[in-house]
Protein chains: 2
Amino acid sequence: MKLTASEENYLKAIYHLSEGASKSVSTNDIAAEMKTKPASVSDMLRKLGEKGVINYRKYYGVNITQEGKKLALQTIRKHRLWEVFLVEKLNFAWDEVHDVAEELEHIQSPLLIQRLDAFLNYPKFDPHGDPIPDEFGDVKARPRIPISEMEIDQSGQIVAVKDSSAAFLRYMDKVGAYIGARVKILDKVEFDGSVEILVDQKKSIFMSKDVASNILAIQS
Amino acid sequence: MKLTASEENYLKAIYHLSEGASKSVSTNDIAAEMKTKPASVSDMLRKLGEKGVINYRKYYGVNITQEGKKLALQTIRKHRLWEVFLVEKLNFAWDEVHDVAEELEHIQSPLLIQRLDAFLNYPKFDPHGDPIPDEFGDVKARPRIPISEMEIDQSGQIVAVKDSSAAFLRYMDKVGAYIGARVKILDKVEFDGSVEILVDQKKSIFMSKDVASNILAIQS
DNA sequence: AAATATAATTAGATATAGCTAAAAAAATAT
DNA sequence: ATATTTTTTTAGCTATATCTAATTATATTT
Ligand SMILES: [Mn+2]
Ligand SMILES: [Mn+2]
Ligand SMILES: [Mn+2]
Ligand SMILES: [Mn+2]
């Protein structure tokens with residue numbers, strides 16, 4: 001099964017929207033995610049359905065097939081490997097990599113990805129803490145919870161961000177929160193869910209619930 | 001001026017066909033180079049003409065403009081930098097890099113290329129000995145002659161290949177000829193122009209004129 | 001100079017990928 | 001159970017990039 005760059009992008013979006021959610025993915029949701037119009041999505045769904053990477057019943061949304069999942073994970077693998085390359089080797093900031101990786105992920109060359117993976121020493125996570133699927137599409141899931149859901153006095157380590165937008169990542173940089181940082185919940189405001197955390201036993205950061213819910217940690 | 005990947009490929013082809021040749025480039029030649037049909041070329045020439053990167057007079061072929069030349073050299077720069085990356089960092093063989101570079105060269109990110117250039121330590125030549133234009137499109141030309149034009153007993157150093165096809169490069173590997181090798185012309189056959197050369201003062205290679213004309217050297 | 005051959009362009013298709021506007025189906029509210 | 005709203009699809013249009021077949025312009029022969 002060979003997909004165009006555009007088909008790969010849609011399939012990836014469908015995969016992401018499927019994750020967690022148990023029911024079908026809707027046309028409107030895909031359109032929002034892809035920043036296209038629902039009419040364009042309907043057209044693409046017909047094509048992806050014909051290619052067998054999704055199950056598509058008109059008016060009832062789509063479910064990704066096993067084949068589709070595998071292909072989506074291949075694209076995600078490439079995207080994340082390139083992100084690691086950009087940060088580790090080319091000194092990109094973690095908020096600068098997404099758009100370039102969005103292009104690089106479509107380069108067709110299994111050898112390239114195999115060699116890139118080796119060159120990067122088989123990284124397991126991308127710069128945002130997201131796991132890199134292996135060449136068979138297997139992902140090592142790591143239990144992670146938003147720090148908004150941790151209790152006062154609990155400790156943990158930041159392992160990922162849920163929102164990888166440049167704006168959010170720059171906020172992280174600004175307040176000194178980063179992947180790998182040790183954190184402890186100092187206080188939680190009942191009223192609005194905002195949180196005060198201690199980073200690396202020295203720096204205290206106060207953040208809204210919205211922010212806290214986008215920082216993922218493993219408890220310790 | 002923003003070009004599509006396809007436009008960049010055509011412009012690069014036109015640039016290459018222009019090099020050396022003093023007159024306009026013909027539709028048929030471009031079609032042959034691009035492996036498309038002349039009809040497709042006519043269409044593209046109209047578009048490139050409208051964008052001002054070529055001067056196009058129907059039925060009389062094209063000449064690349066200054067603007068076009070600059071853009072073509074940017075694409076060539078990217079292509080060659082990626083080739084260096086693939087060979088130097090990812091251990092690709094020099095006959096495996098072209099097709100992948102042909103895709104990578106279209107990634108749009110000035111920062112990426114600037115950083116890649118630095119990461120590779122500002123290489124001046126690609127794995128086939130071709131010069132890498134700088135960010136302003138300036139190329140350091142090196143005098144180089146096909147070894148078919150060298151005289152008996154003359155010495156030199158292989159600096160590039162004219163033909164970068166996988167087939168030719170694998171032939172080079174097979175006979176042990178490589179960029180950087182010291183060569184001396186041992187014999188030339190008057191009848192058909194074939195040549196015997198000594199590589200690195202130890203290995204003698206006999207080759208047809210066709211082959212010899214595709215190996216470029218600087219005399220010493 | 002006219003006939004012929006070659007080269008290049010145009011006309012008309014196809015395929016991808018996007019859009020707006022209209023129509024139809026499904027979901028929700030009365 | 002209807003009516004209304006929301007969602008989704010279809011129809012029709014635009015743009016890119018390719019093709020084949022037909023046409024036209026230029027170049028070469030005779
Ligand atoms: Mn993408
Ligand atoms: Mn990422
Ligand atoms: Mn290319
Ligand atoms: Mn090269």
Side-chain angles (χ1 to χ4, degrees), chain A residues 1-14 17-18 21-64 68 71-72 75 102-103 105-108, chain B residues 1-14 17-18 21 23-64 68 71-72 75 99 102-103 105-108:
Chain A
M1 186 51 42
K2 179 103 100 305
L3 301 178
T4 66
S6 191
E7 287 168 342
E8 284 182 344
N9 287 334
Y10 273 96
L11 193 60
K12 207 156 52 94
I14 293 166
L17 292 168
S18 301
S22 51
K23 52 181 170 53
S24 314
V25 176
S26 78
T27 299
N28 273 356
D29 286 353
I30 298 168
E33 177 83 9
M34 293 290 298
K35 286 160 187 172
T36 55
K37 302 292 165 179
S40 308
V41 175
S42 287
D43 231 46
M44 183 56 85
L45 295 184
R46 186 185 42 71
K47 279 192 285 185
L48 292 176
E50 283 165 9
K51 293 203 173 187
V53 296
I54 58 171
N55 286 317
Y56 175 44
R57 261 186 62 219
K58 271 188 209 170
Y59 293 102
Y60 289 91
V62 297
N63 293 95
I64 196 161
L71 287 169
T75 307
E102 203 56 51
E103 288 188 54
E105 70 189 357
H106 304 294
I107 304 289
Q108 303 287 18
Chain B
M1 186 50 45
K2 179 106 98 305
L3 301 179
T4 66
S6 191
E7 287 168 344
E8 284 181 346
N9 286 334
Y10 273 95
L11 193 59
K12 206 156 52 96
I14 293 166
L17 291 168
S18 301
K23 52 183 169 52
S24 312
V25 176
S26 77
T27 299
N28 273 355
D29 286 353
I30 297 167
E33 177 84 10
M34 294 290 298
K35 287 160 187 176
T36 56
K37 303 292 164 180
S40 309
V41 175
S42 287
D43 232 48
M44 183 55 85
L45 294 184
R46 186 185 42 71
K47 280 191 287 183
L48 293 176
E50 283 165 8
K51 292 203 174 186
V53 296
I54 58 170
N55 287 316
Y56 174 44
R57 262 186 61 221
K58 270 187 211 173
Y59 293 103
Y60 289 91
V62 297
N63 292 95
I64 196 162
L71 287 170
T75 307
D99 292 352
E102 202 56 52
E103 289 188 53
E105 69 188 359
H106 304 294
I107 304 287
Q108 301 288 17

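Throughout, a chain's letter reflects where its sequence line sits, starting with A, and its residues are numbered from 1. Excluded from the calculations below are hydrogen atoms, water molecules and symmetry mates; all remaining heavy atoms, backbone and side chain alike, are included.
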Q: Whole angstroms only, please: what is the CZ-P distance between R57(A) and dT9(D)?
A: 11 Å

Q: Take the protein atom CD1 of I30(B) and the nucleotide atom P of dA17(D), then report the distance between them rounded to whole Å.
A: 15 Å

Q: Measure from OH on Y59(A) to P on dT9(D) and round the result to the nearest Å.
A: 7 Å

Q: Give the rounded distance in Å between these two atoms: CG of N9(B) and P of dT16(D).
A: 16 Å

Q: Just to verify, what does T75(A) make a side-chain hydrogen bond (donor to acceptor under 3.5 Å, both in side chains) with, not counting sequence neighbours?
A: none

Q: I want to confirm an ordering. Mapping K35(A) and Y60(A) to their closest nucleotides on DNA chain C, which one lands closer to the 5' end?
A: K35(A)

Q: For S40(A), what residues pass the side-chain hydrogen bond (donor to acceptor under 3.5 Å, both in side chains) criterion, not counting sequence neighbours?
A: none

Q: Please report, rounded to the nearest Å, how far the C1' atom of dA17(D) is from the CD atom of E8(B).
A: 15 Å

Q: Taking only N and O in the side chain of S6(B), is any of them less than 4.0 Å away from OP1 or OP2 of dT18(D)?
A: yes

Q: Please list, for nucleotides 20-22 of chain D, all pairs of protein and nucleotide N/O atoms separated by less than 3.5 Å.
A:
none

Q: Hey, can you pull the residues of residues 46-56 of chain B with a non-hydrogen atom under 4.0 angstrom from DNA chain D?
A: K47(B)

Q: Mind jotting down which residue pairs meet the salt bridge (Lys or Arg N to Asp or Glu O under 4.0 Å) criterion with at least one end in residues 50-59 of chain A? Sequence neighbours excluded, please.
A: E7(A)-K51(A), R46(A)-E50(A)

Q: Could I get the full list of salt bridge (Lys or Arg N to Asp or Glu O under 4.0 Å) partners for E103(B), not counting sequence neighbours?
A: none

Q: With a 4.5 Å heavy-atom cut-off, do Y10(A) and V41(A) have their side chains touching?
A: yes

Q: At what distance, to the nearest 0.5 angstrom, does NZ of K23(A) lie from OG of S18(A)?
A: 11.0 Å

Q: With sequence neighbours excluded, tell me which residues meet side-chain hydrogen bond (donor to acceptor under 3.5 Å, both in side chains) with N9(A).
A: H106(A)

Q: Compare the minimum distances between each of dT24(D), dT10(D), dT16(D) and the side chain of K58(A), then state the nucleotide with the smallest one.
A: dT10(D)

Q: What's S42(B) touching, base or sugar-phosphate or nothing? Going by heavy atoms closer than 4.0 Å.
A: base

Q: CD1 of I14(A) to CD1 of I64(A): how many Å apart, nearest 0.5 Å?
A: 6.5 Å

Q: Among the nucleotides dT18(D), dA17(D), dT8(D), which one has an atom lying closest to any side-chain atom of T27(A)?
A: dT8(D)

Q: With a 4.0 Å cut-off on heavy atoms, is D43(A) in touch with a base, just the backbone sugar-phosphate, or nothing at all?
A: nothing

Q: First and last nucleotide of DNA chain C in contact with chain B, 5' to 3', at under 4.0 Å to a heavy atom: what are they?
A: dA7(C) to dT10(C)

Q: Mind listing the closest non-hydrogen atom pair of I54(B) and V62(B) along with its distance?
A: CD1-CG1, 3.7 Å

Q: By salt bridge (Lys or Arg N to Asp or Glu O under 4.0 Å), which residues pair with E105(B), not counting sequence neighbours?
A: K12(B)

Q: For residues 24-33 of chain B, please give each side-chain donor-acceptor pair under 3.5 Å, one per line with the distance, not counting sequence neighbours.
A:
{"unit_1": "S24(B)", "atom_1": "OG", "unit_2": "N63(B)", "atom_2": "OD1", "d": "3.1"}
{"unit_1": "S26(B)", "atom_1": "OG", "unit_2": "D29(B)", "atom_2": "N", "d": "3.1"}
{"unit_1": "S26(B)", "atom_1": "OG", "unit_2": "D29(B)", "atom_2": "OD2", "d": "3.4"}

